Undergrad: 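Let me give you the structure first, and then I'll get to my questions.
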Protein chains: 2
Amino acid sequence: MTIAQRNTGKETRIQREKREVILKAALDVFSIQGLRGATLEKIAEAAGMSKPHVIYYFGSKDAIYARLLESLLEIWVSPLRDLSRDGDPMTEILTYMRRKLKMSRDMPRESKLFATEILHGAPRTKATLSGDLKTLVDEKAAIIAGWSAEGKIARLDPHHLIFSIWAMTQHYADFDVQVRSILPETGGDALFDEADAFLTSMFTRTLRPAKA
Amino acid sequence: MTIAQRNTGKETRIQREKREVILKAALDVFSIQGLRGATLEKIAEAAGMSKPHVIYYFGSKDAIYARLLESLLEIWVSPLRDLSRDGDPMTEILTYMRRKLKMSRDMPRESKLFATEILHGAPRTKATLSGDLKTLVDEKAAIIAGWSAEGKIARLDPHHLIFSIWAMTQHYADFDVQVRSILPETGGDALFDEADAFLTSMFTRTLRPAKA
DNA sequence: AGCATTTCTATCCAAATGGTCAAAAAACGA
DNA sequence: TCGTTTTTTGACCATTTGGATAGAAATGCT
């Protein structure tokens, strides 16, 4: 009987650890191969255990994928939550951009997993997108619109501003193969330093309010 | 015997038409489901023919995918080829951005196909990326760097500028599900009109040279 | 130690799927 | 019209793969 079925509520230390290992391995495999391209075999091998063992802990391949996605969504939007009405507008937005960029640098597999999910039509995320995420984005967009109206930053569509931050930062994680194919050989972090400089400059110019 | 095997060199009208139909159907299926998620069955159904018939014309599923990708790459970079040293710098770059945005609007399936390929590590495109594409990008980046040095546009890294155009424009095609989940209901083209306005404004501010 | 529970895997199974084959149907050329 | 070639598909096959089963090994409990 699998643990998923038994599910006595409490989780032992060994269960937590094994699940951890499996999720790590699954992230490696899913992020590159996608849900359909990944096989239980590959995940099991990456996790250093047998295929039935993986099933024992999660019940099904889809369950692992769903679990990864679920725990990811929360982390993924967290930088936006911290954008505060009370801070300096320019600083708040640039800080948000930088935190997203750091996430791309430090969690490229997570970024790719999320990207693949959306790209394929977000079958198991759509509800969250148009629910919690929309609520959050609308809320923060309102803050930005406020700054805009007060003349503290330039007049621009706050939703599209947020999209542009997503697009630009995630690009460096999701399409890193392309980026690195074109750029001269740069060590992992150097690329992100370049990106930081460019994006900081770009968003600074974009946000700077027109002279009154 | 399949046509792919026989391959007498010449292609009849009926062959061209059937291949066309199959490629169209395959694009529909691949762009949403990915290479592994798509099945010959689905492609055949979408093309209105039997599974062996699809094999008859292309030999294998992978061959269809490869063919789609190949013919796509050329189209995909063509707007960049038109960026000319002789034009007005700001106009040239904004025009390039707009053409890319239009491609996202008019060819979202192609955009997603390409995105998925890169996301999964570009296994069959890497050579082209670091070859022809890199050459082209380096060439155009040099033009932009020239404009930059002459003070006709702001000082900025031309490679990252190009990446930013890719990232922003493709975002609206590849992540349209997310974008539309968050934005209030807007008809297909209205979204791209908004995006056009935002991006034009963003890149104008980014590129405008600092006062001498 | 001895029993019960949990952890783990070898083996197997059924469904899905990419692709083959032989033959029917259609199109073509004389 | 009649033989030839091309087009089309139903039936079939081999492999892959997600997952079930049963039992072995380990662990925990008393």
Side-chain angles (χ1 to χ4, degrees), chain A residues 1-26 28-30 32-69 120 123-124, chain B residues 1-26 28-30 32-69 120 123-124:
Chain A
M1 189 191 253
T2 76
I3 274 221
Q5 287 163 347
R6 203 172 345 112
N7 195 13
T8 57
K10 280 176 190 70
E11 194 179 44
T12 70
R13 178 186 54 85
I14 204 167
Q15 284 172 23
R16 209 174 333 115
E17 285 175 4
K18 289 287 176 179
R19 272 199 246 255
E20 199 66 28
V21 169
I22 292 171
L23 285 174
K24 266 191 168 52
D28 276 342
V29 180
F30 280 137
I32 300 183
Q33 322 248 1
L35 171 57
R36 304 300 296 266
T39 68
L40 278 175
E41 193 72 44
K42 287 182 207 157
I43 295 172
E45 193 195 330
M49 58 186 75
S50 69
K51 203 169 62 169
H53 201 180
V54 173
I55 293 292
Y56 173 72
Y57 276 110
F58 280 94
S60 77
K61 183 173 114 171
D62 276 48
I64 306 176
Y65 188 78
R67 173 70 167 272
L68 275 175
L69 219 48
H120 288 12
R124 47 203 98 204
Chain B
M1 189 189 254
T2 75
I3 274 220
Q5 286 162 346
R6 203 174 342 112
N7 194 11
T8 57
K10 281 177 191 71
E11 193 180 45
T12 69
R13 177 189 52 87
I14 204 167
Q15 283 171 22
R16 207 172 338 111
E17 285 176 3
K18 289 288 174 179
R19 273 200 246 255
E20 200 66 27
V21 170
I22 292 171
L23 286 174
K24 266 194 166 54
D28 275 342
V29 180
F30 281 137
I32 300 183
Q33 322 248 2
L35 171 57
R36 306 299 298 267
T39 69
L40 277 175
E41 192 72 42
K42 287 182 207 159
I43 295 172
E45 193 196 330
M49 59 186 75
S50 68
K51 204 169 61 169
H53 201 181
V54 173
I55 293 293
Y56 173 73
Y57 276 110
F58 281 92
S60 75
K61 184 173 112 171
D62 275 47
I64 306 176
Y65 187 78
R67 173 70 168 274
L68 275 177
L69 220 47
H120 288 13
R124 47 203 99 205

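Both backbone and side-chain heavy atoms feed into the values below; hydrogens, waters and symmetry mates do not. Below, chain A is the first sequence line, B the second, and so on; all start at residue 1. Please read these numbers as outputs of a predicted model, since none were measured by experiment.
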Undergrad: Is the shortest side-chain N/O distance from A:Tyr57 to OP1 or OP2 of C:dC8 below 4.0 Å?
TA: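 Yes, A:Tyr57 has a side-chain N/O under 4.0 Å of OP1/OP2 on C:dC8.
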Undergrad: Just the rounded figure in Å: distance from C1' of D:dG19 to CD1 of A:Ile64.
TA: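 Taking CD1 of A:Ile64 and C1' of D:dG19, I get 12 Å after rounding.
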Undergrad: How close do A:Tyr57 and A:Arg19 get, heavy atom to heavy atom, and via which atoms?
TA: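 Scanning both residues completely, I find the closest heavy atoms to be O-NH1, 2.9 Å.
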Undergrad: For DNA chain C, which residues of residues 37-53 of chain B approach it to below 4.0 angstrom with any heavy atom?
TA: B:Ala38, B:Thr39, B:Leu40, B:Lys51, B:Pro52
Undergrad: List for me each residue that meets side chain to side chain donor-acceptor pair (under 3.5 Å) alongside A:Lys51, sequence neighbours excluded, and say none if there are none.
TA: none
Undergrad: Taking NZ from A:Lys18 and P from D:dA26, how many angstroms apart are they, rounded to a whole number?
TA: 13 Å
Undergrad: Where is the tightest heavy-atom contact between B:Ala25 and B:Ile43, given as atom of each residue plus distance?
TA: CB-O, 3.8 Å
Undergrad: How many Å lie between OH on B:Tyr65 and C1' on C:dG18, as a whole number?
TA: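 Rounding to the nearest Å, OH of B:Tyr65 and C1' of C:dG18 are 17 Å apart.
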Undergrad: CD of A:Glu17 versus P of C:dC8: gap in Å, rounded?
TA: 10 Å
Undergrad: Would you say a side-chain N or O of B:Gln15 is under 4.0 Å from OP1 or OP2 of D:dT7?
TA: yes
Undergrad: Output yes when a side-chain donor or acceptor of B:Lys61 lies under 3.5 Å from a complementary backbone atom of B:Ala38, and no otherwise.
TA: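 At least one qualifying donor-acceptor pair exists.
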Undergrad: Has A:Tyr56 got a side-chain N or O lying under 4.0 Å from the OP1 or OP2 atom of C:dC8?
TA: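 So the side-chain polar atoms of A:Tyr56 never come under 4.0 Å of the phosphate oxygens OP1 or OP2 of C:dC8.
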Undergrad: Return the minimal non-hydrogen interatomic distance between A:Ile55 and A:Leu40, and the atom names on each side.
TA: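 For A:Ile55 and A:Leu40, the tightest heavy-atom pair comes out as CD1-CD1, 3.6 Å.
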Undergrad: Sequence neighbours left out, what passes salt bridge (charged side-chain N to carboxylate O under 4.0 Å, His left out) with A:Arg36? Give chain and number order.
TA: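 Not a single residue meets the salt bridge (charged side-chain N to carboxylate O under 4.0 Å, His left out) criterion with A:Arg36.
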Undergrad: Report the distance from atom CZ of B:Phe58 to atom P of D:dT8, rounded to the nearest whole Å.
TA: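 Distance check: B:Phe58 CZ to D:dT8 P gives 13 Å.
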Undergrad: Starting at CD1 of A:Ile22 and ending at P of C:dT9, how long is that distance when rounded to a whole Å?
TA: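 In whole Å, C:dT9 P and A:Ile22 CD1 are 10 Å from each other.
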Undergrad: It should be established whether B:Arg36 places a side-chain nitrogen or oxygen under 4.0 Å from OP1 or OP2 of nucleotide D:dT17.
TA: yes
Undergrad: State, with a plain yes or no, whether a side-chain heavy atom of B:Met49 is found less than 4.5 Å away from one of B:Val21.
TA: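 Yes; the side chains approach each other to less than 4.5 Å.
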Undergrad: What integer distance in Å separates A:Lys61:NZ from D:dT17:P?
TA: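 Whole-Å distance recorded here is 9 Å.
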